[in-house]
Number of protein chains: 2
Amino acid sequence: MATLNDVAKVAGVSPTTVSRVINNYGALSEKTKTKVFAAMRELNYAPNNLARSLSGKKTQLVGLIFPSVSNPFFGELVATLENSLFAAGYKTILCNSANNADKERAYLRMLAANQVDGIITSTHNLGITEYQKIALPIVAFDRNLAPTIPIVISDNYQGGRIASEALIAQGCRHIVMLVSSAGTSEPTNARQQAYADVMAQHGLTPTVTPLGFNTVASVKRITIRTMLQNQPIDGIFCSDDLTALLVLEEAAKLGIDVPTQLKVIGYDGTQFMRDYHPELATIQQPFTGLGQLLIATLTACINDQPPKHLAPLPVQLRPGETLNADWA
Amino acid sequence: MATLNDVAKVAGVSPTTVSRVINNYGALSEKTKTKVFAAMRELNYAPNNLARSLSGKKTQLVGLIFPSVSNPFFGELVATLENSLFAAGYKTILCNSANNADKERAYLRMLAANQVDGIITSTHNLGITEYQKIALPIVAFDRNLAPTIPIVISDNYQGGRIASEALIAQGCRHIVMLVSSAGTSEPTNARQQAYADVMAQHGLTPTVTPLGFNTVASVKRITIRTMLQNQPIDGIFCSDDLTALLVLEEAAKLGIDVPTQLKVIGYDGTQFMRDYHPELATIQQPFTGLGQLLIATLTACINDQPPKHLAPLPVQLRPGETLNADWA
DNA sequence: GAATAATTGTCAAGCGTTTGACAATTTGAC
DNA sequence: GTCAAATTGTCAAACGCTTGACAATTATTC
């Protein structure tokens, strides 16, 4: 690997000058700049980022801690983030926490050891103190990590309300909500709260059926099937789109027609769903907006300007045939 | 951030001793080890990996260049890789090339600048010379990058053969293959070759319809629909599962019953498909095996022991109702 | 308690870069 | 041709750690 000194020799200038060119600092003539750039190209030189960072520069590394990119929701979010981070000059270290506390702890240590500039995370298997001990800029997505850690969310309550009201507006009276989230104090729980509130406002009884975030699909299917068989249900609100898919398939197997007998609405609205299951009505999260806000917030934290307050981003209903047959 | 010197002071030993403990080198008594570890914990110390690597240690960083983790196939593969890499003590730098040559070039530079130990890639938008210029261990997945770069694949020809024969065995005679890959010399093209060979062996006419890897789903749908409407087709072999999904949906819209009127088989067999579309018959790629082989090969390259020859990993048919109604 | 082995300390160079202070040189303007 | 301004060079310290050489200190053993 060519070093800065090699470049200096080839260009016939001093190492300091090369460094000045790289960092665009000090007085420099066009002529030397050209010479140096030519030498860099000739040697296929890339400055050693380790050395640069050691001597004070930022690493331009950001850690992304998410459950797993094998889930299309996180996959899409991570893809969005990675793109924006790249555009902003950052490199992405990917960490799939797999909802494993030990792994997450190891990741935090590792990211610190690698001197990342900041972390964006969407898991929380650790205690608050552990997050606070990290003396690093952190931004959370949809999770309450610690009072001091800024959190970016979309409007979960609003989303829950829109979904519930949409089902009721379509005539549903026996509406069940399926939730697969685990914790109790998570922001996403506002969706359930909204569901419960809306149901109560309409004099209807809310029924929340938990499925467990880490439960395998086949087990979820069984729960869903028994539910469909044993309860009089005409509407289902799923806290994520994948669960909605399971509902649609189990309903089809049982000969329940959607949307005449049963209306279904999901949550998330990934591009994947839009492409491969456009029939599903869902609550559309603003992926791009969330990604940009996450990164803007993180860079703000990196520059010691933590945001005062972060308003939840608006969500919107994406209509579909599972809610309203003659939608199109 | 605490440094090695801080740890030494707290532990009451010399910096050298702390380094010896970290690197487990030289003669060390249990007593000092304990003291040092205690001090490290007390200070929440993590060795600065930049400094370690600068002074000769490996970075334990691996770059992953894939089109995008928003595609469930790559998402799952990347998740698998990340897990295994983590287990092997490596950190993952994620690079979504988005099939953009400039971005890929920038990524290669960036990875080199960050002194990664190696790269695993599954895109190739660049010329051979550009890959060879990278003086870094590279392993390719399903792509021919350069003669010198080892390539890990599953048995594409075998997969194409199994799929084609399965359709024929189920009585299909008018079979179309839908391919979404772009290049002409890619290993995955063996699937088409096998399809063509098998068709010929049975005295049938092969028809390959290209869809374009980067084409949006809605456009693919149109192609598929017109094809279904205008050609007598009783079997479709898709070069990936997502395309198969589109086929199933368009067929349903047209009132074509699967599998009685049309049989469909996909390719890839992600966990996602198994969970959310178990009805789809497909060719199952050995994800875990591929991941492990990719990493084993990369570490071999890193240790200057490039593999002699890499045999394609076997694939297998995963049956499903889209191929055989009474399968279950 | 002497001899030997085991452990720990001291010192310094080096990894590739940045950055500041200062001196030396070149350039341009008049 | 002079002078100031612009440009480039020299030198050295620093970032945090590793590693080797060597000396000094402890433990261990008989």
Side-chain angles (χ1 to χ4, degrees), chain A residues 1-40 43-61 109-117 135-136, chain B residues 1-40 43-61 109-117 135-136:
Chain A
M1 281 268 175
T3 75
L4 181 144
N5 267 292
D6 300 333
V7 175
K9 274 179 213 145
V10 171
V13 300
S14 74
T16 303
T17 301
V18 176
S19 178
R20 281 173 183 144
V21 171
I22 293 172
N23 296 287
N24 196 33
Y25 130 93
L28 290 168
S29 72
E30 281 307 317
K31 202 166 45 169
T32 26
K33 277 197 210 173
T34 320
K35 265 194 307 184
V36 171
F37 283 131
M40 291 188 352
L43 293 172
N44 197 29
Y45 169 79
N48 184 324
N49 279 340
L50 302 180
R52 299 192 81 193
S53 303
L54 231 206
S55 57
K57 296 273 185 190
K58 300 229 176 271
T59 55
Q60 301 291 110
L61 283 169
R109 280 199 86 68
M110 180 273 272
L111 291 174
N114 279 284
Q115 318 297 119
V116 298
D117 291 344
L136 274 176
Chain B
M1 281 266 178
T3 74
L4 180 144
N5 268 292
D6 300 332
V7 175
K9 274 179 211 144
V10 171
V13 299
S14 73
T16 303
T17 301
V18 176
S19 178
R20 281 172 184 146
V21 171
I22 293 173
N23 296 288
N24 196 32
Y25 130 92
L28 290 168
S29 71
E30 282 306 318
K31 201 164 46 169
T32 27
K33 276 197 209 172
T34 320
K35 266 194 306 186
V36 171
F37 282 131
M40 287 176 25
L43 293 172
N44 198 29
Y45 169 80
N48 184 323
N49 278 341
L50 303 180
R52 298 192 82 192
S53 303
L54 232 205
S55 56
K57 296 274 187 190
K58 299 228 177 272
T59 55
Q60 301 291 112
L61 283 169
R109 279 200 86 67
M110 180 274 272
L111 291 174
N114 278 284
Q115 318 296 122
V116 298
D117 290 344
L136 275 175

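Just so we're on the same page: letters track the sequence lines, and every chain starts at 1. Keep in mind that what you see is a predicted model, and the values were worked out from it rather than measured.
Atom C1' of nucleotide C:dG16 and atom CG of B:Asn114 are separated by 14 Å, given to the nearest angstrom. C:dT18 atom P lies 12 Å from atom CG of B:Leu54, rounded to whole Å. Distance, A:Lys58 NZ to C:dT19 P: 12 Å, rounded to whole Å. Rounded to a whole Å, the NZ atom of B:Lys57 is 19 Å from the P atom of D:dG16. Regarding A:Glu30, its CD atom lies at a distance of 13 Å from the P atom of C:dG28, rounded to whole Å. Rounded to whole Å, the distance from CG on B:Leu4 to C1' on D:dG16 is 8 Å. Residue A:Asn24 contributes atom CG, which lies 15 Å from atom C1' of C:dT19 at whole-angstrom precision. To the nearest angstrom, C1' of C:dA6 lies 13 Å from NZ of B:Lys33.
Side-chain contact check for B:Val10 versus B:Tyr45: every heavy-atom pair is 4.5 Å or farther apart.
Contact annotation for A:Pro47: backbone-only contact, meaning every heavy-atom pair under 4.0 Å involves sugar-phosphate atoms and none involves a base. In this structure, A:Asn49 reaches neither bases nor backbone, as no heavy-atom distance under 4.0 Å exists between it and the strands shown. A:Ser19 comes within 4.0 angstrom of a base, heavy atoms only. In this structure, B:Leu50 reaches neither bases nor backbone, as no heavy-atom distance under 4.0 Å exists between it and the strands shown. Counting non-hydrogen atoms under 4.0 angstrom, B:Thr32 reaches the backbone sugars and phosphates but no base.
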Could you walk me through whether A:Asn24 and A:Lys33 pass the side chain to side chain contact (heavy atoms under 4.5 Å, CB included) test, one step at a time? CA-CA 9 Å; A:Asn24 196 33; A:Lys33 277 197 210 173; 4.0 Å; yes
Intermediate values then yes/no, side chain to side chain contact (heavy atoms under 4.5 Å, CB included), B:Asn48 and A:Gln115: CA-CA 7 Å; B:Asn48 184 323; A:Gln115 318 297 119; 3.5 Å; yes
Stepwise, does the side chain to side chain contact (heavy atoms under 4.5 Å, CB included) test hold for A:Val21 with A:Thr32? CA-CA 9 Å; A:Val21 171; A:Thr32 26; 5.7 Å; no
How far apart are the C-alpha atoms of B:Thr17 and B:Leu28, what are their side-chain angles, what is the distance that settles it, and do they pass the side chain to side chain contact (heavy atoms under 4.5 Å, CB included) test? CA-CA 8 Å; B:Thr17 301; B:Leu28 290 168; 4.3 Å; yes
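Candidate nucleotides C:dG9, D:dG16, D:dT8 were compared by shortest atom distance to the side chain of B:Thr17, and C:dG9 ranks first. The side chain of A:Asn5 has C:dT17 as its nearest neighbour among D:dT7, C:dT17, D:dC17.
The base of D:dC17 is not paired with the side chain of B:Ser53 by any donor and acceptor separated by under 3.5 Å. A donor-acceptor contact under 3.5 Å is formed by the side chain of A:Thr16 with the base of D:dC11.
Each of A:Leu28 and B:Lys31 lies near DNA chain D, and the nucleotide nearest A:Leu28 is the one positioned closer to the 5' end. Both A:Pro15 and A:Arg20 sit near DNA chain C, but only A:Pro15 has its closest nucleotide nearer the 5' end.
Residue A:Ser29 places no side-chain N or O under 4.0 Å from the OP1 or OP2 atom of D:dT7. Within the structure, a side-chain polar atom (N or O) of B:Ser14 is placed less than 4.0 Å from OP1 or OP2 of C:dG9. At C:dT7, none of the side-chain N or O atoms of B:Tyr25 fall inside 4.0 Å of OP1 or OP2 (strictly under the cut-off). The phosphate of C:dT17 (OP1 or OP2) has no side-chain N or O of A:Asn48 nearer than 4.0 angstrom.
To the nearest 0.5 Å, atoms CG (A:Asn23) and CZ (A:Arg52) are separated by 5.0 Å.
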